[in-house]
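For reference, the structure is listed below as structure tokens.
For the numbers below, each heavy atom of this structure counts, side chains included, while hydrogens, waters and symmetry mates do not. By convention in this document, chain letters (A, B, ...) are assigned in the order of the sequence lines, proteins followed by strands, and residues within each chain are numbered from 1.
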There are 2 protein chains.
Amino acid sequence: MERKPVPGRRATIGDVAELAGVSKQTVSRAINDKGEIGAATKERVLEAARSLGYRPSRFARGLRLQDSVTVGLLLSDVTNPYYPEVASGVLEVAEDRGWHVVVGDSRGDRRRELEALQVLARQADALIGQCSSPDEELARELPGVPIVLLDHPPGHRGHGSVRIDFTSGMRQAVDHLVLDRGRRRIGVLEGTPRANPATERRLSAEQRLREHGLPAGADWTAHAVSHTVAGGEAALAELLTARPDMDGVVCYNDQIAIGAMRELKRAGRRVPADVSVIGFDGLPLGELVTPSLTSVHIDKARLGRLAVQEVARLLADPTAPPVPDAPVVHPELVVRGST
Amino acid sequence: MERKPVPGRRATIGDVAELAGVSKQTVSRAINDKGEIGAATKERVLEAARSLGYRPSRFARGLRLQDSVTVGLLLSDVTNPYYPEVASGVLEVAEDRGWHVVVGDSRGDRRRELEALQVLARQADALIGQCSSPDEELARELPGVPIVLLDHPPGHRGHGSVRIDFTSGMRQAVDHLVLDRGRRRIGVLEGTPRANPATERRLSAEQRLREHGLPAGADWTAHAVSHTVAGGEAALAELLTARPDMDGVVCYNDQIAIGAMRELKRAGRRVPADVSVIGFDGLPLGELVTPSLTSVHIDKARLGRLAVQEVARLLADPTAPPVPDAPVVHPELVVRGST
DNA sequence: ATGAAAGCGCTAACAC
DNA sequence: GTGTTAGCGCTTTCAT
């Protein structure tokens with residue numbers, strides 16, 4: 001919700017015109033550096049503008065020109081190290097197109113998410129976000145707002161999405177543990193519940209484990225309460241209690257994986273000698289821990305860039321149906337010390 | 001610069017009014033959930049709006065209501081792990097006030113910085129940023145735009161700032177190395193050149209080193225080309241060549257410190273047995289490396305919160321002179337494994 | 001080279 | 001309960 005107006009009303013083009021003793025359009029010409037204006041007049045106008053601390057109203061200009069685009073980027077938590085690269089991709093393409101980007105943070109709260117989206121929607125032409133709210137809810141609460149979901153399967157009309165191929169990613173992770181490292185008792189650390197349960201990453205891992213003839217399922221799974229190092233530590237502790245003979249862990253993301261590594265060490269296990277750990281996302285952070293983290297990298301900047309392109313598509317035709325071939329980001333295994 | 005308009009012109013309140021067979025005012029009442037409207041009429045209007053994909057123009061609304069505030073946040077590099085917490089503080093207070101936040105990224109480029117600020121200024125009422133451009137340049141290129149500089153001494157009229165007490169911070173760092181660890185041959189890893197050379201952090205460190213009767217100066221200093229782990233690695237290698245007998249390093253920030261630790265290990269030195277390393281900023285990252293990083297923590301979220309408060313002050317009275325007692329963030333030493 | 005008038009899309013104020 | 005009028009601050013015709 002917007003609040004009260006800024007005190008001390010700002011000078012308008014009319015004030016400048018009056019002070020300079022010219023008409024409004026002359027002021028407009030001066031400040032927009034158009035031709036058709038005398039050098040002396042221009043200088044006088046600019047001086048008047050300066051002395052009044054005049055700045056053109058972005059609203060008036062936007063209303064008149066109708067050529068400015070703003071996209072809203074909703075993050076579930078700005079401090080999550082997953083986002084900077086995504087944001088970087090978003091900002092890069094936005095800048096190329098001359099678009100502005102407003103950001104919001106839902107602090108991991110589902111209710112706040114919707115509120116934050118609505119606030120952003122007041123200032124943006126379209127939204128980008130990793131939303132946990134179901135599509136129907138978004139459509140209901142944000143009627144007419146083009147939304148591009150990060151890491152969601154294609155959804156409703158008016159919603160775009162960028163997919164990440166988790167099936168392939170998880171398969172690479174499991175195959176590496178099984179085929180390259182010879183692990184046979186592999187646990188899975190899943191993240192928090194997802195909007196669409198069918199998209200849980202662990203499912204892809206479990207399927208691949210079974211294809212290798214290995215055990216998998218609830219017994220071999222723990223859920224991290226948060227996608228953080230602490231969440232990973234707690235989840236691994238839980239999993240280790242159930243499966244003390246575990247010799248490998250596939251994790252929902254790198255932070256959880258790093259937490260898993262820390263907890264394993266604390267429990268007296270050596271990584272990777274006793275237990276192999278593998279993460280997902282490929283955060284720069286993974287290179288700094290010891291041993292450095294093997295992870296399935298995804299090009300997060302590309303995810304951001306693709307999202308802005310999807311926004312452009314939606315903006316061009318808001319009634320376009322969701323395309324079946326939404327852009328996909330393909331994960332790629334990068335092996336380091338932890339396996 | 002803004003580009004061409006979005007195609008397929010959006011429906012206006014007039015279109016909705018026409019379709020619903022009512023006046024614009026009635027539409028306005030319906031979509032803004034005011035009273036004074038029949039339930040049936042309201043439903044008919046909302047249905048019309050829905051079918052047209054109508055969304056109110058933020059420009060028209062902003063122009064009319066004059067109650068929306070947007071602040072622009074310029075970062076030198078979104079992917080720098082220093083920023084998320086700052087942004088978090090900015091977003092927190094902005095949200096409390098009902099303000100929007102637009103972000104820009106200058107990619108560490110001085111020229112881009114000014115451009116990015118100008119782009120942001122088109123969409124924001126005031127700016128916040130860690131700017132490397134001199135005050136005069138900002139004042140000249142962004143006339144009338146209230147700016148709050150992060151980590152700068154108070155500057156010109158119309159500019160606000162939030163200070164970080166580097167003198168105290170660097171003193172704590174040096175004192176820890178000298179008094180608590182007994183180090184006597186301490187090197188300094190400074191960052192890239194600053195807008196105001198007098199604010200280089202190394203100066204505070206060098207002064208304190210001299211107060212302890214220890215050697216300091218160019219011989220004991222290396223400059224990191226970038227504020228990154230790689231930058232720290234290179235800088236430390238350089239310093240180590242000049243001072244192979246070094247037994248401690250004070251670093252410009254945590255990333256450089258982590259780079260220093262890595263390079264020291266690579267050179268066969270033990271940390272902290274042979275060389276003590278100390279960072280600055282207190283990134284969460286520092287807890288994950290081995291050994292974990294001792295650092296002078298600064299409350300980055302608070303920095304962001306204070307910056308927004310300064311913006312509020314400037315917005316309330318744009319002609320207010322810079323206050324001598326700009327808000328200050330006080331650093332605090334947190335000791336961990338690396339010293 | 002400069003000015004007057006119109007209108008972008010919206011809502012507050014005031015009819016009815 | 002609903003419509004009419006006016007005007008937010010700006011730029012774009014079109015005159016002069």
Exercise for review: Rounded off to whole Å, could you give me the CZ-to-C1' distance for the B:Arg61 and C:dC8 pair?
Suggested key: 16 Å
Check your understanding: Given C:dC8, is OP1 or OP2 found less than 4.0 Å from the side-chain N or O atoms of B:Ser57?
Key -> no
Exercise for review: Using whole Å, report how far OH of B:Tyr54 lies from C1' of C:dT11.
Suggested key: 10 Å
Practice item. Run the salt-bridge test on A:Arg55 and B:Asp125 with the 4.0 Å N-O cut-off and return the result as yes or no. Key: no
Point to revise | Rounded distance (Å) that lies between atom C1' of C:dC10 and atom CZ of A:Arg122 | key: 13 Å
Exercise for review: May I ask you to say whether A:Arg313 pairs ionically with A:Glu310, meaning some side-chain N is under 4.0 Å from a carboxylate O?
Suggested key: yes
Practice item. Quickly work out the B:Asp15 CG to C:dG9 P distance and round it to whole Å. Key: 8 Å
Point to revise | Qualifying residue, where the test is side-chain contact (heavy atoms from CB on, under 4.5 Å) with B:Arg305 and the options are B:Asp299, B:Val90, B:Val329 | key: B:Asp299
Point to revise | Atom pair distance, as rounded to whole Å: CD1 in A:Ile31 and P in D:dT12 | key: 11 Å
Output one line per pair: protein atom, nucleotide atom from nucleotides 4-8 of chain D, and distance, for all N/O pairs under 3.5 Å.
{"residue": "D:dG7", "atom": "N2", "partner": "B:Arg64", "partner atom": "NH1", "Å": "3.0"}

Practice item. On DNA chain D, check which nucleotide each of A:Asn32 and A:Glu36 is closest to and give me the residue with the more 5' one. Key: A:Asn32
Check your understanding: Whole Å only: how far is the NZ atom of A:Lys34 from the C1' atom of C:dA1?
Key -> 16 Å
Review point. Within this structure, what is the CG-to-P distance between B:Leu65 and D:dG9, rounded to whole angstrom?
Key: 13 Å
Check your understanding: Would a distance-only check, ignoring hydrogens and angles, find a side-chain to backbone donor-acceptor pair under 3.5 Å from B:Ser57 to B:Phe59?
Key -> yes
Practice item. Would you please say whether a donor-acceptor pair under 3.5 Å links the side chains of B:Arg29 and B:Thr41? Key: no
Exercise for review: May I ask you to check whether B:Arg112 and B:Ser106 show a side-chain donor-acceptor distance below 3.5 Å?
Suggested key: no
Point to revise | Rounded interatomic separation in angstrom, taking CD from A:Glu18 and P from D:dG9 | key: 13 Å
**Study point:** Donor + acceptor pair across side chains of A:Glu113, A:Ser133 (<3.5 Å)
**Key:** yes
Exercise for review: Indicate whether OP1 or OP2 belonging to D:dT11 is found under 4.0 Å from a side-chain N or O atom of A:Ser28.
Suggested key: yes
